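Structure first, then comments.
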Amino acid sequence: MTTNLSPSTASGSAPKPPGRSPRTRWLLGVNAIVVVWLALFAAVGSGHHFLPHAFWLLVHVLLLGAVTNAIVIWSGHFAASVLRLPEANRGAPAALRLVCLNAGAVGVIGGMLFDRWYVVLAGACLAAAAVTAHAVWLVRLMRRALPGRFSMTVRYYVAASALLPVGAALGVVMARGDLAGDLPERLRVAHETINLLGWVGLTVAGTLITLWPTMLRTRVVDGAERAGRAALPVLLAGLGAAVAGTLLGPPPLAAPGVVGYAAGLVVAGRPWLREARAKAPRSFAAWSVAAGCGWLAGSLTVLSGILVSTTSWITVGERVSLLTAPLAAGWIAQVLLGALSFLVPVVLGGGPAAVRAATLSLERAWPARLAVTNAALLLCVLPVPSMVRVACSVLLLVMLLFFLVLLVLTVVQGMRNRRRAAQGDPPPAPAEVPARPHRVLGGVALGLAVVMLAVAGGGAADVRSLPILERSAATGSDGGAVTPTGRTTTVAVTIHHMRFSPASVDVPAGNRLVINLHNTGTDTHDLVLETGARTDRLSPGQKGTLDAGVVGRDLEGWCSMVGHRQMGMVFAVNVTGAGADSTADSGGTTHDHSGAGTSAATKDTAAEAFDPMAEPAAGFTARDAQLPPATGGAGHQVHKRTITVKEVTREVAPGVRQKLWTFDGTAPGPVLRGRVGDTFEITLVNDGTIGHSVDFHAGSLAPNGSMRTIKPGESLTYRFTATRSGIWMYHCSTMPMSLHIANGMFGAVIIDPPGLPTVDREYVLVQSEFYLGRQGGTADAAKVNAKDYDMVAFNGYANQYDHDPLTARPGERVRIWVLAAGPNESSAFHVVGGQFDTVFREGAYDLGRGGSQSGGAQVLGLAPASGGFVELSFPEAGDYPFVTHVMSDAERGAHGVFKVR
């Protein structure tokens, strides 16, 4: 049988002979590859918390895996159809191209995941070769064909295929790393522009010239061919200008290219609008494609605004990442699913009844599915609470899985129906349910209701991010009520440098108080009154309003972000005039809504549970303090790593548990090691519930961009080159910085001095102090502010190396790297019974090996955030304690043992 997808052909046609043609078998078989990649995308989305480079992986599984396969498969099918040639895009050559393409995709993804650049290079070459061979086949196909009305569609495919190898080359250069300045951001924007707007965008535009009216079951309007021919050079010129501006000039120089590309889409798309007016979309396929095009239009508009509004490519790179979800999920995924839902029933064939049955199967509940998909995606890109974003992301995955299940069931049922037809027992034709307006609107309403429930559930899971019910401020402390005056006092309050300005307001008793709050600071803040009235949490630059109601007594207010109140972010409402009651609550209670109140308010404090002499549970294992050597050879290496902010509850001493904010689930965070000249590319992912950041002392660069605070659910890539040796601290720099460090957000980067000799054993110890709050709670912010610490530890657990000692053998040379992480206290590292013959501190040798015949050192003195290493050999077997010689700190947990045997 012959499936003709020409513009004038509806989805149904004259009855065809039963049985599957070779083309049908081929298309069903190769499209299984697309389904597998989509299923893998869903799996990665479900388990992204446990995968490295998760965001990058999601994008490339979808675009390089599913979408690129779909383009190669279906562009060949459409090219043969519009050129009216017997389809030749199957058999051994086509299979070989698909094998190379998928091997290349696996190579690129695997090479990035395991940081093997040569594998990325090989994979990119295979994928580029497969697409180039596909382009050559398309050109040969055009030369064989007679001039046709819609042959320009194939020109779109050839142009798109020529662009993919260029985008792949840019991706390989980025994967190689070792790029200076803003070149990584330029290359990434150019790479994404070529691949998304070129490879995918041109293919979609060329296909819709004929596929869109076919979906609508109408004819191509007059002028569509001319519009398609005129649009292609405009699209290519705009794309070329955008990429050239990206690589050669400031961001505003690339904006005209994006506008030009959008103008080319307008030229090509005007006939599509006329066709939609002639026959409105009535199917999932058509509406899904239309919604996708809407997301593309919005993304191009935002992209143009980003380019025009900044002169920094680093800033552009950060902002453009916000468009990845709208372009990948909103535009490309919806166009792909819409096209598959239309094409698969046609490929299955079997006559008009069978095609209608398959179409109805794929379009079950389509108005609700479209509403859920687009509303959830919109919420994902808006500044909503992190748990709301998580709930909406789950809905998007559910919608994708639902489509995949429908697709598999439809194909299986279609094949069964064809077998029955071949046996002379055709199945009954399905009763088609017309898409009446009330059914469509009802489905949309159902979908929106599902999204609203997800928003409510996400908000309930993160209730502190949402407004709360207020209770009246009109009563005094004695329970008496104040008489409302009917007047309103409105005040403007700004936030700057962790302070409210003004910090207090006077309000006549009985007046209603309205506070207009403007956050001009650099972190997220809010304002909470002791009555419960509050603003939303405001990002930098945002404004909010607090309606305190009628005020009859003095009120206290503060910022509820953890630790901000203790840093002085307090506010006062002073009531004046008759009836004012400024006394304290009769119970003498002190209110603390900050989430980190003083431990004196409770009796179940971790400080009371801390016993320096306590033994841990049987089977206790200390954190591994052994330090592996730096990887790679003498050449400059690129170290890529994703570090995820996680909130975990851990035991920090026997019977003492604290809720820590951590890098990758441990406090201290993971130890990074390299050599002078190495480049570190660290992607920070914030899976916490508040804003966090990271400051690498090992790098030297302006902190206002790379060290900025990111919200929950966001990520940020921090890139630096290690130019000087030493053990360098990294930590969260979000205010209050002292609290974030005290609650676990610190770690070490070790950069070997040139020519560092090898030793028999090498250990790393990071000293920090604990300001214990309640059991299972966070650090006590008031104690941090007062420098009133309860416990000191090496590597995050008090006295752990007393219970699970470090080991050595007599005569072995041992190197011990030490970092004083603080946040407030210094260290005086000492090994009892040992003498140091080498001392390296803050980038220089205080005492070099062999530099003195008789000199030695007994202590490595370190101020907060400084570090170094010492070397020694143990003369005989025995137990050698190590401590900070600030002895009260050693008695609070900074103690361990070297067991030498």
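Bear in mind that the values here come from a model prediction, so they are computed numbers and not experimental data. Sequence positions, counted from 1, serve as the residue numbers for this chain.
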List the steps and the verdict of salt bridge (Lys or Arg N to Asp or Glu O under 4.0 Å) for R641 and D664. CA-CA 11 Å; R641 178 153 186 168; D664 267 1; 3.5 Å; yes
Applying side-chain contact (heavy atoms from CB on, under 4.5 Å), run through M735 and M561 and close with a yes or a no. CA-CA 10 Å; M735 298 298 286; M561 301 299 292; over 6 Å; no
- Message: side-chain hydrogen bond (donor to acceptor under 3.5 Å, both in side chains) for D687 and T644? Distances and angles first, verdict last.
- Response: CA-CA 6 Å; D687 273 356; T644 303; 5.1 Å; no
Q.
Does I643 form a side-chain contact (heavy atoms from CB on, under 4.5 Å) with V694? I'd like the steps, not just the answer.
A. CA-CA 10 Å; I643 295 179; V694 64; over 6 Å; no
Kindly indicate, with the supporting measurements, whether the criterion side-chain contact (heavy atoms from CB on, under 4.5 Å) is fulfilled by E556 and L529.
CA-CA 6 Å; E556 293 182 359; L529 297 182; over 6 Å; no
Show, in sequence, the C-alpha distance, side-chain angles and deciding distance for V648 and T666, and conclude whether the side-chain contact (heavy atoms from CB on, under 4.5 Å) test is met.
CA-CA 8 Å; V648 299; T666 65; over 6 Å; no
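In summary, the aromatic rings of Y730 and F663 are positioned with their centroids under 6.0 Å apart.
Of the charged side-chain nitrogens involved, none lies within less than 4.0 Å of a carboxylate oxygen, so that R774 and D780 do not count as a salt-bridged pair. Note on R553 versus E530: salt bridge recorded, some NZ/NE/NH1/NH2 to OD/OE distance being below 4.0 Å. Using a 4.0 Å cut-off between charged nitrogen and carboxylate oxygen, D790 and K783 count as a salt-bridge pair.
In this structure, C559 SG and D523 CG are separated by 8.0 Å, a value rounded to the nearest 0.5 Å. Atom-to-atom distance recorded for T494:OG1 and R499:CZ is 13.0 Å, nearest 0.5 angstrom. Rounding to the nearest 0.5 angstrom, the gap separating the CD1 atom in I495 from the CG atom in L527 is 7.5 Å. A distance of 12.5 Å separates CG of N519 from CG of D536, quoted to the nearest 0.5 Å. With rounding to the nearest 0.5 angstrom, the CE atom of M707 is 8.0 Å from the NE2 atom of H731. Note: M791 CE to Y797 OH = 8.5 Å, rounded to the nearest 0.5 Å.
For the pair R719 and F680, the cation does not sit on the ring face, since its NZ or CZ is not both under 6.0 Å from the ring centre and inside 45° of the axis.
Distance alone, capped at 3.5 Å, is enough to place a donor-acceptor pair between the R188 side chain and the G317 backbone. In terms of modelled atom types and a separation under 3.5 Å, the side chain of E769 and the main chain of A793 share no donor-acceptor contact. Panel note: side chain E842, backbone G867; a donor-acceptor pair is recorded below 3.5 Å.
At a cut-off of 3.5 Å, with distance as the only test, a side-chain donor of K711 or S539 sits close to an acceptor on the other residue. No side-chain donor-acceptor contact under 3.5 Å links T717 and E681. T709 and T734 are linked by a side-chain donor-acceptor pair at a separation below 3.5 angstrom, with hydrogens and angles left out of the test. Under 3.5 Å, the side chains of S560 and R565 contain no donor-acceptor pair of N or O atoms. Using a 3.5 Å distance cut-off with no hydrogens or angles, the side chains of Y771 and N785 do not pair a donor with an acceptor. Counting only N and O atoms by type, the side chains of T778 and N743 include no donor and acceptor under 3.5 Å apart. For the residue pair D526/T535, the side-chain donor-acceptor check at 3.5 Å is not satisfied. For the 3.5 Å distance criterion, the side chains of S693 and S733 qualify, holding a donor opposite an acceptor.
Looking at Y789 and D889, their side chains come closer than 4.5 Å, going by heavy atoms from C-beta outward. Residues W558 and V528 form a side-chain contact, since some pair of their non-hydrogen atoms from C-beta on lies under 4.5 Å apart. Considering only heavy atoms from C-beta on, Q775 stays 4.5 Å or farther from T605 through its side chain. Residues T662 and V645 fail the side-chain proximity criterion, which asks for heavy atoms closer than 4.5 Å. You'll find the side chain of I750 stays beyond 4.5 Å of the side chain of L672, heavy atoms only. Two residues are said to be in side-chain contact when any heavy atoms from C-beta on lie closer than 4.5 Å; L684 and I710 meet this criterion. The side-chain heavy atoms of V818 and R841, taken from C-beta on, include no pair separated by under 4.5 Å. Between S312 and E185, the closest side-chain pair of non-hydrogen atoms is not below 4.5 Å.
The minimum heavy-atom distance between G691 and N686, with the atom names listed, is CA-ND2, 3.8 Å. Residue I751 comes nearest to A722 through the heavy atom pair CD1-CB, 3.6 Å, listed as atom of the first residue, atom of the second, then distance. Closest approach of A821 and F746 over heavy atoms only: CB-CD1, 3.6 Å. Nearest heavy-atom pair, L323 versus S299, reported as atom, atom and distance to 0.1 Å: CD1-O, 3.8 Å. In this structure, Q767 and T884 approach most closely via the heavy-atom pair OE1-CB, 3.5 Å. Minimum interatomic distance between F571 and S504 (heavy atoms only, all atoms of both residues): CE1-N, 4.1 Å.
Residue-environment remark: CE (M887) exceeds the threshold of 12 foreign heavy atoms within 6.0 Å. Within 6.0 Å of atom NZ in K659, 12 or fewer heavy atoms from other residues, nucleotides or ligands are found, so the atom counts as exposed in its surroundings.
Residue H525 forms a ring pair (Phe, Tyr, Trp, His ring centres under 6.0 Å) with just one option from H564, H518, H496, and that option is H564. Between N574 and the options D506, V551, V507, a side-chain contact (heavy atoms from CB on, under 4.5 Å) holds for only D506.
Applying the ring pair (Phe, Tyr, Trp, His ring centres under 6.0 Å) test to W661 and every residue at least two apart in sequence or in another chain returns H692, H740.
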